[in-house]
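Report on the structure given below.
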Amino acid sequence: MDSDARPQRVTGVVIITLPPSDNPSLGKTITAFTLTDDVFPHSHQTQQREPEQEQNLPTTQVLTSPPPSPQNPQLGFSFSRLFFDNPRKLLGFLGISLLALLFYSFSFSNTFLELKNSNNDDEKPQSFIFPLYHKLGADSELKLGRFVDADKENLVASIDSGAIGTQKINKLVAVNAAVIDSSGTILPVRGNVYPDGSYFTYMLVGNPRRPYFLDIDTGSDLTWIQCDAPCSSCAKGANPLYKPTRVNIVGSKDSMCTEVQKNQKPQNCETCQQCDYEIEYADLSSSLGVLARDKLHLVTANGSITNLDVVFGCAYDQQGMLLNTLSKTDGILGLSRAKVSLPSQLASKGIINNVVGHCLATDVGAGGYMFLGDDFVPNWGMSWVPMLGSPSIEFYQTQLVKIDYGSSSLSLGEQDSNTGGVVFDSGSSYTYFTKEAYDELVASLSEVSELGFIQDASDPTLPICWQTPFPIRSIMDIKQFFKALTLHFGSKWWIISKRFHIPPEGYLILSNKGNICLGILDGSNVHDGSTFILGDISLRGQLVVYDNAKMKIGWTQSDCAKPRRFNSPPAFFEG
């Protein structure tokens with residue numbers, strides 16, 4: 001056969017698909033293939049929309065050429081031959097690819113989540129962040145409040161319906177309000193357990209809105225503010241008293257009134273126009289008042305302000321230690337599981353998921369933060385334990401199976417030698433142990449006397465204080481002489497139990513006299529006497545989350561510097 005007659009080798013193919021006759025606006029489809037010696041052809045496909053009047057134009061030729069071969073043939077290799085001839089290399093390649101995929105998901109999942117959530121911000125439950133401050137006073141608080149029978153009718157003599165006068169906003173609020181408006185998320189705060197004694201945040205209530213400083217208290221149900229209705233016994237407080245009008249007072253037949261008075265003696269009062277309540281706290285303090293409903297102005301995580309109608313207490317008669325602790329605050333922020341608590345009210349309106357979190361900083365010069373909603377809950381790295389769900393228990397309580405001081409176990413108590421209850425209470429300054437556990441802990445701590453620590457009975461700060469053999473500036477100077485406490489949940493076996501660690505700085509304080517004092521107290525007369533109470537001193541340095549939707553309590557170590565959103569790993573990382 002003549003060489004000129006030989007068929008030429010085809011190196012490129014162009015396939016042109018004409019549009020259907022009934023819809024020429026779709027245009028032509030042009031597909032180009034490049035044929036090489038490789039097993040798989042390289043395909044380049046484009047779709048061109050042509051107007052109807054251009055259908056008869058000549059087709060543009062698509063030129064293709066094979067890829068250049070390597071300059072050094074010895075450097076070329078087959079990808080499939082490399083791995084199928086060496087299974088170890090294939091497994092190694094797959095392992096590296098998996099790690100790279102996980103790293104990519106951790107690095108960029110936050111961006112994807114925010115892009116995804118940005119389209120549903122109006123529908124998604126929101127989250128609210130609150131700064132925490134310290135009170136100026138050395139009072140130790142013990143909350144765990146409960147409603148008791150007020151046995152009084154229409155206690156409010158009169159309610160002035162006039163407008164509330166203007167007031168100067170506390171400088172601390174003004175400074176941080178500017179931070180809220182500018183950033184919407186991160187707020188600098190301050191606070192400590194001693195000598196200030198408590199953590200509090202502030203809220204904006206009423207119209208026009210006014211700031212009120214409130215103790216954060218996971219052991220209290222009702223949020224209440226000192227008010228002029230008129231007030232029969234109120235402390236000076238940080239801000240002028242809240243002054244309600246008649247329209248703010250909640251009626252006796254309101255569902256919230258029924259909730260508050262559900263455990264009280266039934267009262268038949270046909271003429272009652274208000275809902276009376278009285279709360280008694282574990283330190284025998286009390287607060288008496290009526291329920292009110294008003295606007296609560298909350299700053300969302302993205303900086304916008306949400307106005308909501310919420311029910312709270314208009315407290316006009318405070319007795320006991322409350323009068324001392326209210327010298328720099330205006331009331332209490334109830335954060336328990338009860339339906340009347342603030343998080344439960346917001347969750348019932350669909351504003352948030354019923355989740356509460358707080359993070360108390362260990363540094364003396366810092367305070368921490370708290371939040372409502374689940375936007376700032378880590379999806380991994382948390383230790384979770386089930387929350388006791390009895391209808392009669394509205395505290396955040398879980399089951400304890402073991403407690404250790406160093407390597408020695410402490411007794412949980414006589415009533416139940418196998419388990420004990422633990423309440424997480426941000427309203428208590430210090431931690432309380434059962435009588436048995438407390439006595440054994442004190443006996444174990446007596447070993448520091450051999451190191452030169454001498455008990456100083458003249459120090460009134462706390463029941464047990466030691467003079468140190470040398471001057472110290474902080475707990476960190478002597479923490480090596482004390483051991484850590486470990487609370488075990490779920491199982492007595494160390495390997496599989498969930499553990500809450502309390503280092504020495506989580507139960508010791510440095511008093512004004514320069515002594516070291518034990519911040520764990522005898523809880524014989526607190527609650528039912530058989531419950532451990534974790535107060536602020538032991539909750540510092542931990543992000544603690546109360547998930548009422550899933551009925552669990554979680555924690556993880558944190559510097560509590562600022563709230564932040566967490567990346568979501570694959571489901572098998574969640575614990």
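Every value quoted in this text rests on a predicted model; they were computed, and no experiment measured them. Sequence positions, counted from 1, serve as the residue numbers for this chain. Worth knowing before you read on, the calculation uses all heavy atoms, side chains too, and leaves out hydrogens, waters and symmetry mates.
For Asn353 (side chain) and Val355 (main-chain N/O), no donor-acceptor pair under 3.5 Å exists by modelled atom type. With hydrogens and angles ignored, the 3.5 Å screen pairs no side-chain donor or acceptor of Asp425 with any backbone N or O of Ile533. Side-chain atoms of Glu394 never come within 3.5 Å of backbone atoms of Arg337 as a donor-acceptor pair (strictly under, hydrogens ignored). The main-chain N or O of Asn239 is found under 3.5 Å from a side-chain atom of Asp330 such that the two form a donor-acceptor pair. Remark: the backbone N or O of Leu222 is not paired with any side-chain donor or acceptor of Ser220 at under 3.5 angstrom. Ser538 places no side-chain N or O within 3.5 Å of a backbone atom of Ile502 that could act as its donor or acceptor partner.
Counting only N and O atoms by type, the side chains of Asp404 and Thr486 include no donor and acceptor under 3.5 Å apart. A donor atom on one side chain and an acceptor atom on the other are not found under 3.5 Å apart for Asp536 and Tyr430. Inspection of the Ser530 and Thr434 side chains reveals no N or O donor paired with an N or O acceptor under 3.5 Å. For the residue pair Ser287 and Gln318, a side-chain donor N or O sits within less than 3.5 Å of a side-chain acceptor on the partner.
Taking the six-membered ring where tryptophan is involved, the planes of Tyr212 and Tyr242 are perpendicular, since the angle between them exceeds 60° and thus also 30°. A tilted orientation is assigned to the rings of Phe371 and Phe376, their planes being inclined by 30° to 60°.
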### Query
Trp555 and Tyr546: ring-ring contact (aromatic ring centres under 6.0 Å, His included), yes or no, with the steps?
CA-CA 9 Å; Trp555 61 86; Tyr546 313 94; over 10 Å; no
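The salt bridge (charged side-chain N to carboxylate O under 4.0 Å, His left out) check on Lys483 picks up Glu447, with sequence neighbours excluded. By the side-chain hydrogen bond (donor to acceptor under 3.5 Å, both in side chains) test, Ser341 is found to be paired with Ser344, residues two or more places apart in sequence or in another chain being considered. Legend: residues meeting side-chain hydrogen bond (donor to acceptor under 3.5 Å, both in side chains) with Thr398, ordered by chain and number and at least two apart, are absent.
Remark: aromatic rings of Tyr199 and His358 are distant, center separation not under 6.0 Å.
Inter-residue side-chain proximity for Lys402 and Ser409 is flagged as met; some heavy-atom pair is nearer than 4.5 Å. Side-chain contact between His297 and Arg210 is absent, with no heavy-atom pair separated by less than 4.5 Å.
Taking CG from Leu333 and OG1 from Thr223, the interatomic distance works out to 4.5 Å, rounded to the nearest 0.5 Å. Separation of atoms CG (Leu360) and CD1 (Ile537) is listed at 11.5 Å; rounding is to 0.5 Å.
Counting all heavy atoms, side chain and backbone alike, Lys498 lies closest to Trp384 at NZ-O, 3.1 Å. What you find for Ile249 and Val290 is that their closest heavy atoms are CD1-CG2, 4.0 Å. The heavy-atom pair separating Gln345 from Val310 by the smallest distance is OE1-CA, 3.6 Å. Between Ile509 and Ile475, the closest heavy-atom pair is C-CD1, 3.6 Å.
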